[in-house]
Number of protein chains: 2
Amino acid sequence: MPSGFAHAELIAVLVAVTANEPRVMTLRGGEALPYGPFESKHRSLQSGLRAWIESQTGHPVGYLEQLYTFADRDRDPQNPEEMNGARHISIGYLGLVREQDAAGDGRPAWHDWYRYFPWEDHRDRHPEMLDAIAARLQQWAKDDPLRQQRAEYLFGLNGKAWNEDLVLQRYEMMYEAGLADGAGQESRAVFGQPMVGDHRRILATGITRLRAKIKYHPVVFELMPESFTLLELQRTVEALSGLRLHKPNFRRQVDQQDLIEETGEMSSGTGGRPAKLFRYRPAILEAQSLSGARLPVSRG
Amino acid sequence: MPSGFAHAELIAVLVAVTANEPRVMTLRGGEALPYGPFESKHRSLQSGLRAWIESQTGHPVGYLEQLYTFADRDRDPQNPEEMNGARHISIGYLGLVREQDAAGDGRPAWHDWYRYFPWEDHRDRHPEMLDAIAARLQQWAKDDPLRQQRAEYLFGLNGKAWNEDLVLQRYEMMYEAGLADGAGQESRAVFGQPMVGDHRRILATGITRLRAKIKYHPVVFELMPESFTLLELQRTVEALSGLRLHKPNFRRQVDQQDLIEETGEMSSGTGGRPAKLFRYRPAILEAQSLSGARLPVSRG
DNA sequence: CTTCTTGTACTCGGTTTGAGTATATATCCA
DNA sequence: TGGATATATACTCAAACCGAGTACAAGAAG
């Protein structure tokens with residue numbers, strides 16, 4: 001087999017938010033992400049994947065973005081022989097689909113993504129699991145000040161602030177420390193549900209990307225129904241970020257962006273005062289930047 | 001050839017900044033980016049590519065990041081038969097190397113990247129070429145209000161502000177309009193030096209990524225020598241972003257980030273008052289975020 | 001010693017952001 | 001019927017940040 005040839009496939013992190021929980025599409029009882037070889041009939045990977053996903057979920061993909069190409073040599077320790085010398089390449093994609101209506105005929109299974117990363121949900125309480133993780137990490141790092149410092153930073157220990165964007169880096173440190181996968185040292189407890197091969201890492205990559213993206217690009221709306229209340233929008237962002245947001249400020253931000261408009265209708269009250277319904281305004285192309293970082297430009 | 005097998009290679013956008021000009025490494029007299037099949041001997045793509053680059057340039061790569069995987073069917077219209085059915089995949093990387101000392105023995109050629117995108121340099125004047133481009137675009141869009149609006153947004157026409165981050169989107173629109181490549185309609189002038197296949201698009205992807213990245217991650221320092229003055233740092237950022245920055249504000253920002261420290265030495269005056277020399281402080285891991293986007297978090 | 005060029009410190013007003021308060025309008029249930 | 005409860009929505013206020021500009025310091029060049 002000539003060098004330069006490889007076995008290549010697509011793998012997708014498909015996200016939906018239902019009932020304020022972020023969900024991800026899985027196979028094999030939740031232990032694998034959907035994947036498959038790509039067909040050559042479509043012009044671009046993007047369009048081929050889009051068609052495939054729609055056939056699988058029965059729903060159009062609102063947003064699709066390439067995530068990362070995974071190609072390290074020891075990716076899949078399960079069958080190293082099968083590919084007789086060729087490298088194994090997976091091109092990962094992140095896709096957002098609108099709320100799926102209760103799992104359809106049931107083949108694709110959607111699972112709460114916090115099942116795989118329980119320590120990432122800081123909406124209602126500080127996850128207790130974090131204390132156990134911190135203890136194990138501290139032991140792992142006890143002879144290495146750099147590791148300690150990094151653990152503090154990544155996991156918000158010793159008064160450091162929690163940064164919701166560091167999903168992948170946290171997972172990688174846990175993996176290194178043997179807390180993520182039973183493969184190496186199987187005696188001790190492992191945190192979060194494992195997945196096949198490196199699928200959990202790929203999922204972490206997807207979550208990381210999405211958490212970063214919602215801050216400066218209005219992709220959340222790809223997860224919302226046609227019309228929604230401001231609180232529903234907020235709950236969706238909270239579900240993704242794993243944080244509770246400050247309601248008045250959230251509203252103000254959304255308002256300033258000019259991304260939504262009233263539909264004129266009201267929500268059919270689910271317990272409190274009815275709320276105005278809004279719809280997304282594909283605001284003059286994707287011109288908006290939900291708070292783009294700035295350089296100190298000079299005029300003249 | 002079974003579906004799922006593909007011809008795979010690496011392609012690199014290698015950037016350095018010399019004499020306040022952003023340069024990119026090229027082959028074939030500046031018409032191609034460096035590329036090649038990957039070797040299987042290294043554990044990860046990253047480490048293999050790193051070794052390869054260092055052997056080519058004679059310099060260590062400071063920063064290396066995966067860019068994008070290009071795999072569309074009609075990527076390389078030059079030799080569609082050669083791969084008998086297998087798809088052609090290129091995994092693109094962005095690499096930053098420190099100032100190369102005057103091109104060494106000359107094999108790898110470094111070229112100012114504005115040679116390929118002359119309209120992207122707004123440091124000293126509004127590029128005249130933009131007017132010609134605007135005219136051609138306006139004609140191309142004259143029957144389509146959406147195209148018009150998008151052109152205004154992308155190219156800062158009719159009083160709209162110029163956004164330096166939209167390099168790739170601008171290039172893609174020009175490509176669509178037939179302004180980027182002589183292949184389609186060869187009669188009219190084409191803007192910027194073309195490259196082989198889709199290499200120019202890949203370069204645009206790299207520039208886009210880098211311009212976005214310098215705003216929230218301190219990667220600029222990978223392009224700087226050991227010690228440098230604040231103005232040198234500013235000039236480097238300006239070279240990359242294609243903008244002039246406001247000096248006092250730039251200094252304030254850099255100061256606040258706590259990313260650099262004085263070396264104690266002074267610059268050997270190149271014309272004016274000597275400046276303090278600074279060095280990068282690998283500030284407590286990559287904890288810094290040069291102005292991270294915020295969500296309106298709530299406490300409690 | 002004057003002018004040029006670059007470096008460095010400071011000011012000032014407008015905008016954004018974090019945090020909190022007050023009030024409106026529904027449903028639920030005793 | 002009339003709280004209690006839950007949600008919706010409008011304001012306030014101070015701190016931080018940012019864009020823009022000014023003033024002055026210090027070496028180099030003529």
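Proteins get letters first, then strands, A, B, ... in listed order; numbering begins at 1 in each.
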Choose from D:dG19, D:dG27, C:dT8 the nucleotide whose nearest atom is closest to any side-chain atom of B:Pro274.
D:dG27

In whole Å, what is the span from the NZ atom of A:Lys247 to the C1' atom of D:dA6?
9 Å

A:Gln257 has an atom CD; how far is it from atom C1' of C:dT16, in whole Å?
12 Å

Which of these passes side-chain contact (heavy atoms from CB on, under 4.5 Å) with B:Leu277: B:Glu262, B:Glu226, B:Glu265, B:Met266?
B:Glu265

Gap between atoms CD and P, on B:Gln253 and D:dA20 respectively (whole Å):
13 Å

Begin from the C-alpha positions of B:Thr236 and B:Phe228 and carry the test side-chain contact (heavy atoms from CB on, under 4.5 Å) through to its verdict.
CA-CA 11 Å; B:Thr236 302; B:Phe228 47 84; over 6 Å; no

Value in whole Å for how far the C1' atom of C:dA26 lies from NZ of A:Lys276:
15 Å

Within this structure, what is the CG-to-P distance between B:Leu233 and C:dT6, rounded to whole angstrom?
17 Å

Which whole-number value in Å describes the distance from A:Asn249 CG to C:dT21 P?
13 Å

Of B:Arg252 and B:Leu231, the one whose closest nucleotide on DNA chain C sits nearer the 5' end is B:Leu231

Please figure out whether B:Gln256 or A:Met266 has its closest DNA chain D nucleotide nearer the 5' end.
A:Met266

Would one find a side-chain N or O of A:Arg251 under 4.0 angstrom from OP1 or OP2 of D:dT9?
yes

Assess whether a salt bridge exists between B:Arg211 and B:Glu120, defined as any Lys/Arg side-chain N lying under 4.0 Å from an Asp/Glu carboxylate O.
yes

Whole angstrom value for the distance that separates P of D:dA20 from CG of B:Leu243
12 Å

Polar pair under 3.5 Å, donor/acceptor by atom type, side chain A:Arg273, base C:dA26:
no

Measure from CG on B:Asp255 to P on C:dC10 and round the result to the nearest Å.
11 Å

Would you call B:Val24 and B:Tyr116 a side-chain contact if the rule is heavy atoms closer than 4.5 Å?
yes

